[in-house]
Asker: 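Before we start, here is the structure in question, set down as structure tokens.
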Amino acid sequence: MKLIGRAGRESATLPISISPDSSLSSVKIKKGKKRLSEIKSFSLEEPLQVDGEKAEKVGSLIRSKTYDQPSSVRTTDNDPTGDRRRSITSNLPKHNLTFHKIFREVSEDEELKDSFTCALQREVLYQGRLYISHNHLGFFCSMLRKEIKVLIPVNSVIIVKKANTALLVPNALSVRTTDGDKFLFGSLRNREMCYHAVRSVCTNLQVSICTFSNFIATAL
């Protein structure tokens with residue numbers, strides 16, 4: 001390369017050399033950008049086209065998969081009553097021991113049939129548990145250092161009927177005895193199951209007029 005001065009004379013020639021490494025690096029940069037653009041153009045559903053087993057591995061990482069929850073941890077709401085019954089059965093031995101520990105006047109041979117969390121309605125609601133055995137209905141609550149115990153012989157129960165709390169909520173059970181005592185057990189999560197469990201052990205129930213009328217209407 002030659003430089004020309006003002007007088008038109010030739011100036012000194014300056015040799016300019018271009019390194020082959022710099023041209024090679026520029027070519028590599030261009031190829032890298034091209035490769036990057038090709039990778040970005042791939043869909044997430046398509047594996048990268050690389051050699052051999054690498055293609056399968058890369059493709060399996062890029063490809064999105066739907067996660068299926070294991071059947072062992074799936075929850076179903078098809079049969080909540082069945083789940084409730086299995087829960088009661090599994091905890092029954094534990095509740096049976098507690099029942100005999102609380103009500104020591106009950107014979108050890110008398111086994112517990114069922115148990116439900118509920119609240120006994122009096123001047124306030126006493127949250128506790130209702131125990132149903134072959135011969136007794138027992139309720140126990142321990143709240144604010146105060147224990148509430150109720151033990152009702154089933155042969156003294158003459159009326160068992162469904163009731164509402166707050167006039168609208170259908171979650172209570174009313175029990176009346178021959179002595180005129182009335183007990184209202186509310187906050188029952190499964191009132192229907194508790195209702196049938198209580199009636200199954202109470203053999204001296206009176207047939208109400210409404211029940212008798214429904215029976216006659218059905219028979220006719």
Asker: I need the full list of salt bridge (charged side-chain N to carboxylate O under 4.0 Å, His left out) pairs touching residues 174-183, with sequence neighbours left out, sorted by first then second residue.
Answerer: none
Asker: Quick one: side-chain contact (heavy atoms from CB on, under 4.5 Å) partners of E108, sequence neighbours excluded?
Answerer: H100
Asker: Just checking K149: does its NZ atom have more than 12 heavy atoms from other residues, nucleotides or ligands closer to it than 6.0 angstrom?
Answerer: yes
Asker: Using 0.5 Å steps for rounding, measure from the CG atom of N135 to the CD atom of E110.
Answerer: 4.0 Å
Asker: Any heavy-atom pair between the side chains of K146 and I148 that's under 4.5 Å?
Answerer: yes
Asker: Return all side-chain donor-acceptor pairs below 3.5 angstrom for residues 152-166, not counting sequence neighbours, or 'none' if the list is empty.
Answerer:
unit_1, atom_1, unit_2, atom_2, d
S156, OG, P153, O, 2.7
K162, NZ, E192, OE1, 2.7
K162, NZ, E192, OE2, 3.1
T165, OG1, N171, OD1, 2.7

Asker: Is there a continuous path of hydrophobic side-chain contacts, each under 4.5 Å between heavy atoms, that joins Y195 to L137?
Answerer: yes
Asker: Are a donor atom and an acceptor atom from the side chains of R189 and T117 found within less than 3.5 Å of each other?
Answerer: no
Asker: For residues 163-172, which residue pairs qualify under salt bridge (charged side-chain N to carboxylate O under 4.0 Å, His left out), counting only residues two or more places apart or in two chains?
Answerer: none
Asker: According to side-chain contact (heavy atoms from CB on, under 4.5 Å), who are the partners of E147, at least two apart in sequence or on a separate chain?
Answerer: F140, S142
Asker: Is there a path of hydrophobic side-chain contacts, each under 4.5 Å between heavy atoms of I, L, V, M, F, W or Y residues, that connects Y126 with F183?
Answerer: yes
Asker: When rounded to the nearest 0.5 angstrom, what is the spacing between CD1 in I102 and CZ in R129?
Answerer: 9.5 Å
Asker: Got a sec, which pairs hit ring-ring contact (aromatic ring centres under 6.0 Å, His included) with one end in residues 151-175, sequence neighbours left out?
Answerer: none
Asker: Would you tell me whether E111 and H134 have side-chain atoms, one donor and one acceptor, within less than 3.5 Å of each other?
Answerer: no
Asker: If hydrophobic clusters are built from ILVMFWY residues whose side chains come within less than 4.5 Å, do V169 and V124 share one?
Answerer: no
Asker: Look up atom OG1 in T178 and atom CD in Q206, then write down how far apart they are to the nearest 0.5 Å.
Answerer: 9.5 Å
Asker: Side-chain contact test, heavy atoms from C-beta onward, threshold under 4.5 Å: evaluate it for L151 versus V106 and give yes or no.
Answerer: yes
